[in-house]
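Okay, so here's the structure we're looking at.
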Amino acid sequence: MSDRSLAIEEQAWEALEKSIIHYQGKPIGTIAALDPDITALNYDQCFIRDFVSSAFVFLIKGKSDIVRYFLEETLKLQPKTVQLDCLKPSRGLIPASFKVVHANGREYLKADFGDHAIGRVAPADAGLWWIILLRAYVIATGDKSLAERSDFQEGIRLILELCLVTRFDMYPMVLVPDGASMIDRRLGLYGHPLDIQSLYYAALRASSELLTPNKENQNIIYGIYNRLGPLLKQLRENYWLDTERLNVIYRFQVEEYGEEALNQFNIYSDSIPFYRLAKWLPEAGGYLAGNLGPSQLDCRFFALGNLMAIISSLADEQQCHQILNLIELRWSDLIGNMPMKLCYPALEDTEWRLITGADPKNRPWSYHNGGSWPVLLWMLTAAAKKMDRGELAHHAIAIAERRLAEDRWAEYYDGPDGRLIGKEARKYQTWTIAGYLLAKEIIADPSHLKLIAFEPALSAN
Ligand code: GLC
């Protein structure tokens with residue numbers, strides 16, 4: 001490793017350590033950002049999704065205590081009783097974030113279930129990440145006893161009950177409101193967004209490993225196995241886009257009724273930007289679409305969902321390679337000057353106005369709407385390494401290293417090529433720092449992948 005690279009890693013370590021939050025004398029999580037120049041808003045909190053990147057790094061470095069304490073304390077925040085009061089968080093929900101509050105000489109944790117967040121959206125991803133992290137903790141420490149504890153078994157059950165419950169649709173995907181994940185503002189992700197479905201699949205797989213087969217868990221285990229197959233099929237078949245699939249959709253029949261319908265979602269050809277897509281999609285590439293619902297197929301590329309689909313083996317082997325081919329062949333669009341685009345392309349003009357609600361933070365090619373997020377570097381690295389395509393990861397890390405430390409670990413970058421530091425980006429954003437460190441750890445020793453990745457499901461082969 002070059003001296004420069006070593007120095008950057010050292011700085012990252014120092015910054016990560018500074019971000020650690022303590023509760024009752026013990027490390028419990030990491031703060032979202034420690035930017036000395038901008039007011040914190042809620043960036044002084046520990047976000048569940050943000051902490052996962054730090055947590056993987058801590059587990060790899062043998063610092064499992066902070067992860068254990070985090071899992072234990074966040075579990076206590078989860079409401080355990082059925083809630084008919086609409087102003088209270090639902091049973092099973094894991095908060096988006098929490099902070100340590102000092103009052104009357106005592107310390108307590110104040111959780112945000114979306115009831116304080118901008119836009120007031122409850123996180124659908126927090127519980128899923130929580131389960132994925134618990135599995136990683138068990139693998140890293142070899143200690144199953146934490147997950148086997150009855151409060152942990154209950155915690156998993158309650159998170160899954162929220163997802164497995166029958167709702168107002170007939171799909172295996174989980175139905176969520178807009179802005180319920182890393183993209184926590186309106187961006188047209190109401191319904192069945194890929195980012196959530198990929199995490200859902202990984203969390204179901206993790207739960208099948210973590211739940212003890214006993215009478216109490218019997219129904220939920222049945223629910224998991226009943227869901228995994230149809231979810232996998234739906235994602236692999238109906239979300240998938242490549243040249244061949246584009247040709248099928250282009251010539252879809254519509255208004256088909258009944259069981260034999262091929263175009264089950266009644267997608268109208270005119271709603272798909274075929275000419276742009278046919279030009280953009282390389283012959284060897286493909287990806288999972290961003291969202292699917294009645295007469296809706298969102299053809300934007302979402303990085304988190306696609307990368308997690310590779311990592312969790314939600315995508316089949318060929319699809320995994322096609323997704324990585326797409327990233328390789330559309331490098332300047334998806335990676336550019338900073339790995340990598342959260343979503344591509346950006347919504348512009350009328351689409352931006354209608355779909356985002358004219359959100360200035362999400363103006364075209366900024367923030368969630370076509371901005372580039374360095375935290376995704378670890379997911380890209382894990383996905384590439386899992387498929388033996390390490391060269392992609394090396395290349396991406398080298399690009400990130402040119403800027404990250406110098407730009408003081410910015411939260412995100414703007415512009416079609418990711419050249420500008422995000423307009424409202426925080427500096428010393430913890431998951432940027434942890435994402436970089438995690439990518440370096442995975443590249444240095446791919447055996448760490450076992451914490452994060454899943455083998456293909458036997459029944460899917
Ligand atoms: C922003 C991001 C969200 C993240 C939070 C803290 O709200 O959209 O994904 O968890 O900042 O970093």
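Atoms within each ligand, like the ligands themselves, are counted from 1 in listed order.
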Looking at the rings of [X] and [Y], which for Trp means the six-membered one, are their centres under 6.0 Å apart?
X: W129; Y: F51; result: no
X: Y367; Y: W373; result: yes
X: Y287; Y: W240; result: no
X: W130; Y: F70; result: no

Next on the checklist: Test of understanding: with side-chain hydrogen bond (donor to acceptor under 3.5 Å, both in side chains), list the residues that count as partners of S19, not counting sequence neighbours.
Outcome noted: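 Per chain and number, S19 pairs via side-chain hydrogen bond (donor to acceptor under 3.5 Å, both in side chains) with no residue.
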Checklist entry - ligand 1: which residues have a non-hydrogen atom closer than 4.0 Å? => result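 Lining ligand 1: A32, Y43, F47, R49, D50, M182, D184, Y367, H368, E411, Q429, W431.
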Checklist entry - Just checking, R426 and Y43: is the charged tip under 6.0 Å from the six-membered ring centre and within 45° of the axis? => result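 R426 over Y43 ring: yes.
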